[in-house]
There are 4 protein chains.
Amino acid sequence: MPAIKCVGILTSGGDAPGMNAAIRAVTRAAIYQGIKVKGIYRGYKGMITDEIEEFKTQNVSNIIQRGGTILKTARCAEFKTPEGRKQAHDKLMEHGIDALVVIGGDGSLTGARIFAEEYNMPIVGLPGTIDNDLYGTDVTIGYDTALNTIMECVDKIRDTATSHERLFFIEVMGRDAGFLALNGAIASGAEAAIIPEISLEKDQLAEMIETGFRKSKNSSIVLVAESDVTGGAMGVAERVKNEYPQFDVRVSILGHLQRGGSPSAQDRILATRMGVAAVDALLDGQRNVMIGIQNDEIVNVPFSKAIKNDKPINRDLLDALRISSI
Amino acid sequence: MPAIKCVGILTSGGDAPGMNAAIRAVTRAAIYQGIKVKGIYRGYKGMITDEIEEFKTQNVSNIIQRGGTILKTARCAEFKTPEGRKQAHDKLMEHGIDALVVIGGDGSLTGARIFAEEYNMPIVGLPGTIDNDLYGTDVTIGYDTALNTIMECVDKIRDTATSHERLFFIEVMGRDAGFLALNGAIASGAEAAIIPEISLEKDQLAEMIETGFRKSKNSSIVLVAESDVTGGAMGVAERVKNEYPQFDVRVSILGHLQRGGSPSAQDRILATRMGVAAVDALLDGQRNVMIGIQNDEIVNVPFSKAIKNDKPINRDLLDALRISSI
Amino acid sequence: MPAIKCVGILTSGGDAPGMNAAIRAVTRAAIYQGIKVKGIYRGYKGMITDEIEEFKTQNVSNIIQRGGTILKTARCAEFKTPEGRKQAHDKLMEHGIDALVVIGGDGSLTGARIFAEEYNMPIVGLPGTIDNDLYGTDVTIGYDTALNTIMECVDKIRDTATSHERLFFIEVMGRDAGFLALNGAIASGAEAAIIPEISLEKDQLAEMIETGFRKSKNSSIVLVAESDVTGGAMGVAERVKNEYPQFDVRVSILGHLQRGGSPSAQDRILATRMGVAAVDALLDGQRNVMIGIQNDEIVNVPFSKAIKNDKPINRDLLDALRISSI
Amino acid sequence: MPAIKCVGILTSGGDAPGMNAAIRAVTRAAIYQGIKVKGIYRGYKGMITDEIEEFKTQNVSNIIQRGGTILKTARCAEFKTPEGRKQAHDKLMEHGIDALVVIGGDGSLTGARIFAEEYNMPIVGLPGTIDNDLYGTDVTIGYDTALNTIMECVDKIRDTATSHERLFFIEVMGRDAGFLALNGAIASGAEAAIIPEISLEKDQLAEMIETGFRKSKNSSIVLVAESDVTGGAMGVAERVKNEYPQFDVRVSILGHLQRGGSPSAQDRILATRMGVAAVDALLDGQRNVMIGIQNDEIVNVPFSKAIKNDKPINRDLLDALRISSI
């Protein structure tokens with residue numbers, strides 16, 4: 001295998017806090033190892049539209065603390081076609097890019113996997129998503145920040161939720177995974193969480209209300225993971241209005257602000273470690289792997305595993321929430 | 001007029017950050033002046049239900065930084081009836097309360113005014129509302145904090161609003177006043193604000209789009225004041241979908257979190273100054289006045305003026321927003 | 001007077017949050033008015049070293065929320081000499097710059113005044129300093145953010161100041177003005193402030209201790225303005241150790257972090273309004289003036305007044321602090 | 001072994017964010033299990049001075065988000081004597097307390113261990129310290145919050161650190177452990193960290209300067225762990241002034257504010273899980289153990305291990321910092 005001379009880096013899919021810290025680390029680690037770096041704008045789209053420029057260490061100065069991604073991100077329909085990928089590959093060849101680091105979620109890594117196989121290109125992925133729904137890594141880049149953002153929002157809502165008999169349903173992101181809702185509920189002292197992983201097993205709303213979840217409380221806050229399975233906050237509130245009309249229900253949908261903000265310490269450190277590890281992996285001849293972290297150690301997870309498997313919720317957390325909110 | 005021996009304090013209506021700082025200042029200023037203080041819980045309701053307790057300086061220790069109100073707040077239908085007010089007055093007499101400080105917005109001060117006239121009770125009001133819609137004071141307690149909260153939320157949304165051709169409508173509070181939306185838009189670098197004060201004069205949405213408000217921008221953010229007049233963010237977005245289908249529209253409703261959070265420095269200082277001034281006013285024989293601030297000086301504003309008049313928007317701000325967002 | 005075709009903009013002296021918002025507003029207001037804009041880096045130094053580049057609206061995109069100044073700032077000894085100013089003027093001529101907007105504090109505006117007189121150049125100043133020590137404007141750009149930063153730091157220190165008999169002296173900036181210390185003390189619920197404006201009148205420390213400032217308190221926090229007159233936190237602590245050895249004293253010097261951070265809503269709005277007004281003033285033929293704000297209205301203050309006069313402390317605040325901290 | 005009927009809970013030593021979340025979880029978990037709970041104020045001191053009161057679920061309402069500890073904390077010399085411990089034990093017996101949960105650091109757990117042995121009392125410890133220096137747990141309660149606080153302070157200092165040739169030394173806490181300094185440096189994008197674990201191996205300052213750590217940078221920030229071994233920020237700055245006089249050095253000591261602030265999501269979740277686990281452990285007959293977390297699983301660590309062993313720094317982090325800051 002020939003040595004890698006130039007690595008392209010891109011962010012794809014929904015953006016996540018810490019992506020800039022990852023871009024910075026990949027760029028500097030590559031330069032440190034004598035490899036040229038090229039930034040590709042707007043995800044896979046920028047490969048096709050040729051929005052590519054060389055990055056020096058200064059290009060990534062003073063970005064570690066910034067939300068979003070300086071490389072932007074976009075969905076790209078063309079890249080889902082063989083013709084689009086051909087065009088993308090041609091551009092990479094023109095730029096002398098012989099390896100890629102892709103930062104993104106499930107969909108982005110799926111794209112990377114197909115591309116890597118079609119063109120025999122070394123690609124390493126970094127798990128960048130606030131949803132924490134990638135298998136093979138304890139946490140993803142952006143998750144801790146989003147969790148803190150949610151918690152701060154719920155803290156504020158609780159400040160004002162003082163009147164009697166109010167029941168707040170707050171919808172948080174998660175793309176069919178309950179990590180943000182469940183941990184957000186524990187962190188904010190909410191009374192309950194309704195998450196897709198449990199929705200199929202039992203009626204969380206009914207149980208919550210039947211066990212008298214708010215006997216001694218003036219107001220209650222329930223976090224609901226956005227998902228067809230849970231029905232979202234609107235769906236749950238609708239049910240309460242019909243089935244438990246005694247409650248004065250309020251709904252709040254946190255929405256897009258959950259993706260933004262300056263990354264937390266944990267996300268910046270994670271992104272930095274993973275960025276350095278991505279370059280190490282490429283130099284080591286690894287390919288088609290996602291960098292993960294397990295028990296505070298960096299691991300390489302084959303794309304096939306990271307994408308295909310569902311990451312389970314730690315069931316201990318359900319008890320911790322139930323008991324601490326009595 | 002006999003000297004005041006015991007002052008009751010309550011918070012009423014929608015809560016606002018800084019109410020605790022005001023409670024602290026009123027309590028300590030009264031004690032400093034040799035007057036007893038009684039905290040009344042849940043607004044006017046607590047008078048009727050007799051949720052009243054004496055406050056010492058320690059009762060208000062370590063609350064200046066907390067959002068919400070330790071005295072809680074509630075709507076109270078009974079207090080709108082003469083019978084309810086009679087009951088309330090009886091309880092106050094039982095407790096030896098011979099003057100009141102009421103912290104709240106428009107509706108709360110209207111209640112105070114009626115009660116003061118019926119029972120010839122000295123009452124001083126403090127303007128506590130995030131909406132800033134009280135005449136006779138440059139700012140109200142809670143407004144600055146809510147403005148900062150909105151700004152921080154929009155900052156986060158902007159982090160992620162990087163894709164092409166997206167148009168975000170973010171709904172903020174204001175109760176038919178555009179202060180939060182207009183100043184929030186300037187502070188967050190949003191492209192425009194749709195506010196009720198201007199809705200009647202012209203079609204803000206049409207103008208915004210016709211003047212090519214986003215020629216050189218990838219994404220645009222517009223703040224919309226909640227109001228029947230503006231239609232809210234949902235209403236505006238609906239119109240865009242029908243009339244300007246070329247835009248990819250997103251809606252975010254910030255909701256209840258705008259009322260919460262630790263108060264800003266300005267709100268804490270304002271609340272402290274106003275709380276001290278409220279006690280001074282009572283000692284000075286003032287009654288039926290709201291404490292206001294004008295040009296950094298404390299003023300006494302008759303309830304009649306504060307409630308009846310509409311507070312105008314500073315039109316210079318419209319220019320500042322339009323010009324700074326090109 | 002010939003029309004202005006190209007305005008140079010620079011930030012000088014100690015940086016302040018909101019400077020970027022001002023740069024953004026000046027740039028866009030000038031372009032809006034058909035005037036070219038050139039950014040000058042590192043204050044007056046950049047004029048001499050020719051670090052000057054044209055600014056388009058995009059150059060100031062997405063900077064309103066950032067602390068510091070994208071134009072950097074530096075002290076410049078050469079500019080204090082006639083030769084240095086000659087060089088600076090020559091460079092401005094080369095670049096076709098026929099007017100300047102200078103954002104900075106006392107020293108920076110003094111430099112602007114001299115330069116304006118020597119070369120008959122239209123210059124408008126914006127008051128950019130966290131110290132709030134410029135006469136003719138109710139507040140300066142950066143002051144509100146610094147005040148909030150100080151308050152948040154003191155909030156944190158108070159969280160941990162729970163043990164008996166501890167007396168914390170926290171030193172804050174101010175450059176011989178007590179605005180940050182006094183208002184910071186009110187906002188954070190501190191027990192007292194030691195500020196230069198009062199130091200000459202009486203012994204603040206002795207009074208504080210003699211009036212039993214902490215009878216019912218477990219721990220006490222006193223803000224001290226950095227200044228030769230106050231002695232700073234270290235100086236005051238030293239005195240306590242000698243004269244009142246019964247107290248367990250702790251010192252914290254907040255230092256440089258007071259200058260940083262994302263600007264508050266008030267600072268961003270103020271900077272935006274002032275930036276727009278600076279361009280208006282230039283177009284209106286104004287020169288040698290600082291833009292100020294008084295009673296929420298923009299005013300033009302001659303440099304001579306802004307620089308020479310001392311801005312007084314509002315004495316009402318001293319009472320508010322004393323009474324609210326009993 | 002007889003069943004536990006009443007558990008006492010206390011916080012001891014330096015306070016840490018998240019202690020309140022732990023108090024809340026222990027209280028509610030005990031009540032959930034049918035055990036009575038008594039809060040003991042001011043650490044071990046409150047046992048002796050009899051500052052003990054029963055806690056119901058409401059006593060711990062709305063505290064999860066608050067910094068510091070509602071139970072206060074204090075050093076207690078008497079508890080280090082057999083007589084003091086005898087008095088303490090007598091009081092516990094009077095109150096019917098037959099088990100303890102102690103939240104604190106190294107010193108507090110050492111006290112717990114001695115007391116447990118002398119009086120054969122079931123005691124479970126929770127690791128509450130920002131320093132993260134307890135063996136047997138991946139993280140301690142308070143560490144993540146302190147790390148974020150440090151990062152936010154350094155972010156602010158960096159905003160203003162724009163002039164050429166400045167070298168900032170920022171001292172952070174750690175009590176002879178480098179976790180906060182090293183991870184704080186990575187998270188804030190600082191150029192280097194000087195930590196006690198490495199000080200004995202090599203001259204970190206000399207290496208840093210010799211490897212030209214700041215070739216392409218305008219200003220540099222170095223985090224220094226407080227410690228006799230490192231010399232602290234003052235000690236290092238003094239050395240630079242003597243040995244490398246070409247640098248313009250600035251020092252900032254973050255100080256007590258590092259202990260305060262609303263806890264981060266991670267700390268609240270950790271404290272909640274550990275609090276629930278502490279009651280489980282007591283019910284399970286465990287004693288003289290500290291609750292730890294390893295690989296996201298709760299573990300019981302004998303006091304002897306947790307106290308005696310040094311927790312090592314992950315050496316990978318040194319590389320991550322060095323490479324990402326080129």
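A, B, ... follow the sequence lines: proteins, then strands. Residue 1 opens every chain.
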Next item on the list: Before giving the answer on side chain to side chain contact (heavy atoms under 4.5 Å, CB included), spell out for A:I293 and A:V299 the whole-Å C-alpha distance, their side-chain angles and the decisive distance to 0.1 Å.
Entry: CA-CA 6 Å; A:I293 193 154; A:V299 293; over 6 Å; no
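At a 4.5 Å heavy-atom cutoff, A:D267 makes no contact with chain D through either its backbone or its side chain. For A:I64, the part lying near chain D is the side chain, with the backbone staying farther off; criterion is any non-hydrogen pair under 4.5 Å. Contacts between A:I63 and chain D at a heavy-atom distance below 4.5 Å are absent for every atom of the residue. Heavy atoms closer than 4.5 Å to chain D are found in both the backbone and the side chain of A:N183. Residue D:D316 touches chain A through its side chain alone, counting heavy-atom pairs closer than 4.5 Å. Only the side chain of A:N314 comes within contact range of chain D, with heavy atoms under 4.5 Å apart. A:E152 does not touch chain D: none of its heavy atoms, backbone or side chain, sits under 4.5 Å away.
In terms of non-hydrogen atom pairs under 4.5 Å with chain D, the most contact-rich of A:S264, A:S262, A:A21 is A:S264.
Salt bridge absent: A:D159 and A:K156 never bring a charged side-chain N and a carboxylate O closer than 4.0 Å.
In this structure, A:K36 is not positioned above the aromatic face of A:F55 in the sense of NZ or CZ being under 6.0 Å from the six-membered ring centre and within 45° of the axis.
Against chain D, the residues from residues 270-281 of chain A that qualify, each with a non-hydrogen atom under 4.5 angstrom away, are A:T272, A:R273, A:V276 in number order.
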